[in-house]
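Report on the following structure.
What you see below is based on every heavy atom in this structure, not just the backbone, and it leaves out hydrogens, waters and symmetry mates. The first residue of the sequence shown is numbered 1, and numbering continues consecutively from there.
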Amino acid sequence: MIGKKCVILQLNLIEEKKIEMEVNTAEFTLSAPVVTMCPQDTKPEFAFIGRSNVGKSSLINMLTRHKKLAKTSQTPGKTLLINHFVINREWYLVDLPGYGFAKRSKREVARLDQMIRGYILQREQLVNVFVLVDVRLEAQKIDLEFINWLGESSVPFAIVFTKADKLTANKAAQQVEAYKRVLEETWEELPPIFVTSAESKQGRDDVLGYIEKCLKFISSNG
C-alpha cells in the first residue's frame, strides 16, 4: 500500500475550515527546459500536470481569471517547457508539459519525461502537484502509473477532475467514486480530490482555497 506519508499534511489541511483566495495578479515569469533554469527565488510552487488534452491550460486560465495566461490549443501537447507564472507576487503556478501524447518521437518523450521528473523530484520550492484527470474517462493506466509514482516518491499531490460540465452532476459524481475505488486498491489514504470545470468555474474556490491553506501552513511553520 502506498501514499501514507505524502497525504498526512494534505489531510490535516483539508480538515481545517474553508479558506478563500483571490487572484489579484497573474504574470508569466519564464519558461525553462530544465529544473536548474527555473526561478532562483524561494517562492512556493504549485505544479499542474496531466495527460495531453485534459484541459490544463483552460483550467489554469479559469483559476487565474486570465483568458490568455496559459496558451490553449486545438492541438494537444503544446506545452514543452516548465512554465512559471507568479501569482499575487507571492507564489508560482507551474504549468508542466503533459504526458501520454503518442505523436512524439521516443527521444522527445524521454526528454520531456526527464524534464518533468527532474523538476518534481529536485525542486525544493515545490509544495504540491495537481494531477489533472478527465472526469469523463475511466481510470487510465498512464494516469494511475503517474499517481503511484508520486506516492512512491513521497511527493504531495492532489487529483483534479476536469470537464465536469460535460456530464450531469450525478454522472460526474459516479465517475469520481469509481475512480476512488480503483485508487483504494493500492492506497492507504486517498489524496485530496477536486472536481472542476473551466466552463462553469466549478471547483475554482476549492482548488485556490487549498493552495491558500498550504501557504498559510508554510507561513505558520516557518
Going through the distances and angles, do Phe157 and Trp187 end up as a ring pair (Phe, Tyr, Trp, His ring centres under 6.0 Å)? CA-CA 13 Å; Phe157 73 97; Trp187 282 79; 5.5 Å; yes

Show your working on side-chain contact (heavy atoms from CB on, under 4.5 Å) between Leu96 and Ile120 and close with a plain yes or no. CA-CA 10 Å; Leu96 294 175; Ile120 290 174; 4.3 Å; yes

Could you walk me through whether Val94 and Phe48 pass side-chain contact (heavy atoms from CB on, under 4.5 Å), step by step? CA-CA 6 Å; Val94 182; Phe48 289 74; over 6 Å; no

Flag, side chain of Ser220 to backbone of Phe217, donor-acceptor distance under 3.5 Å: yes

Return the NE2 to CG distance between His84 and Asp41, rounded to the nearest 0.5 Å. 8.5 Å

Determine whether Val160 and Val133 make a side-chain contact, defined as any pair of heavy atoms from C-beta on separated by less than 4.5 Å. no

Using 4.0 Å as the upper bound for N to carboxylate O, is an ion pair formed by Glu90 and Lys43? no

Excluding sequence neighbours, so at least two apart, what forms ring-ring contact (aromatic ring centres under 6.0 Å, His included) with Tyr119? none

List the atom of Cys38, the atom of Ile82, and the distance in Å for their closest heavy-atom pair. SG-CG2, 4.0 Å

Can you tell whether the side chains of Glu22 and Arg204 come within less than 4.0 Å, N to carboxylate O? yes

Measuring from Asp95:CG to Leu69:CG, what's the distance to the nearest 0.5 Å? 9.0 Å

Any non-hydrogen side-chain atom of Arg136 less than 4.5 Å from a side-chain atom of Lys171? no

Side chain to side chain donor-acceptor pair (under 3.5 Å) between Asp134 and Thr162: does it pass, once the steps are laid out? CA-CA 5 Å; Asp134 190 331; Thr162 62; 4.9 Å; no

Nearest heavy atoms of Thr29 and Pro39, plus distance in Å: CG2-CG, 4.3 Å

CG (Asp206) and CD1 (Ile193) are apart, to the nearest 0.5 Å, by 12.5 Å

Using 4.0 Å as the upper bound for N to carboxylate O, is an ion pair formed by Lys216 and Glu212? yes

Using side-chain heavy atoms (C-beta onward) and a distance below 4.5 Å, is Gln202 in contact with Thr196? no

Do Leu126 and Trp149 land in one hydrophobic cluster if side-chain heavy atoms of ILVMFWY residues count as linked below 4.5 Å? yes

Would you indicate whether the side-chain heavy atoms of Leu215 and Pro44 approach each other to under 4.5 Å? yes

Show me, pair by pair, the donor-acceptor contacts under 3.5 angstrom made by side chains of residues 140-147, not counting sequence neighbours?
| from | atom 1 | to | atom 2 | distance (Å) |
| --- | --- | --- | --- | --- |
| Gln140 | NE2 | Glu138 | O | 2.9 |
| Asp143 | OD1 | Tyr99 | OH | 2.7 |
| Asp143 | OD2 | Arg51 | NE | 3.4 |

Considering only heavy atoms from C-beta outward, does the side chain of Leu190 approach that of Glu184 to under 4.5 Å? yes

Spatial distance of atom NZ (Lys213) from atom CD1 (Ile218) [nearest 0.5 Å]: 14.5 Å

Answer whether the closest heavy-atom distance between the side chains of Glu185 and Arg181 falls below 4.5 Å. no

Are any of the side-chain heavy atoms of Met21 and Ile211 separated by less than 4.5 Å? yes

Can you get from Phe28 to Ile60 by hopping between Ile, Leu, Val, Met, Phe, Trp and Tyr side chains that sit under 4.5 Å apart? yes

Would you mind checking if Glu199 and Lys166 are paired as a salt bridge, meaning a charged N to carboxylate O distance below 4.0 Å? no

Taking atom types as modelled, find out whether Ser200 and Asp165 have a side-chain donor-acceptor pair closer than 3.5 angstrom. no

Please give me the minimum heavy-atom distance between Met115 and Ala32, naming the atom from each residue. SD-O, 4.4 Å

Step through it carefully: locate the ring centre of Tyr210, locate the ring centre of Phe194, and say whether they are under 6.0 Å apart. yes

Which pair of non-hydrogen atoms, one from Ile116 and one from Gly98, has the smallest distance, and what is that distance? CD1-O, 4.3 Å

Test side-chain contact (heavy atoms from CB on, under 4.5 Å) on Phe130 and Ile49; report intermediate values, then the result. CA-CA 6 Å; Phe130 290 99; Ile49 192 171; over 6 Å; no

Apply side-chain contact (heavy atoms from CB on, under 4.5 Å) to Met37 and Leu30, showing your working. CA-CA 9 Å; Met37 296 179 68; Leu30 60 77; over 6 Å; no

Counting N and O atoms only, with roles assigned by atom type, does the side chain of Gln175 sit under 3.5 Å from a partner on the main chain of Val135, one being a donor and the other an acceptor? yes

Between the main-chain N or O of Asn88 and the side-chain N or O of Thr25, is there a donor-acceptor pair closer than 3.5 Å? yes

Ignoring hydrogens and angles, tell me if any N or O in the side chain of Asp113 forms a donor-acceptor pair with the backbone of Val109 under 3.5 Å. no

Which heavy atom of Ser153 sits nearest a heavy atom of Leu121, and at what distance? CB-CD2, 3.9 Å

To the nearest 0.5 Å, atom OH of Tyr92 lies from atom CZ of Phe85 at 12.0 Å

Rounded to the nearest 0.5 Å, what separation is found between the CD atom of Glu108 and the CG atom of Leu80? 6.0 Å

Tightest non-hydrogen contact, residues Ala26 and Thr64, listed as CB-CB, 4.1 Å

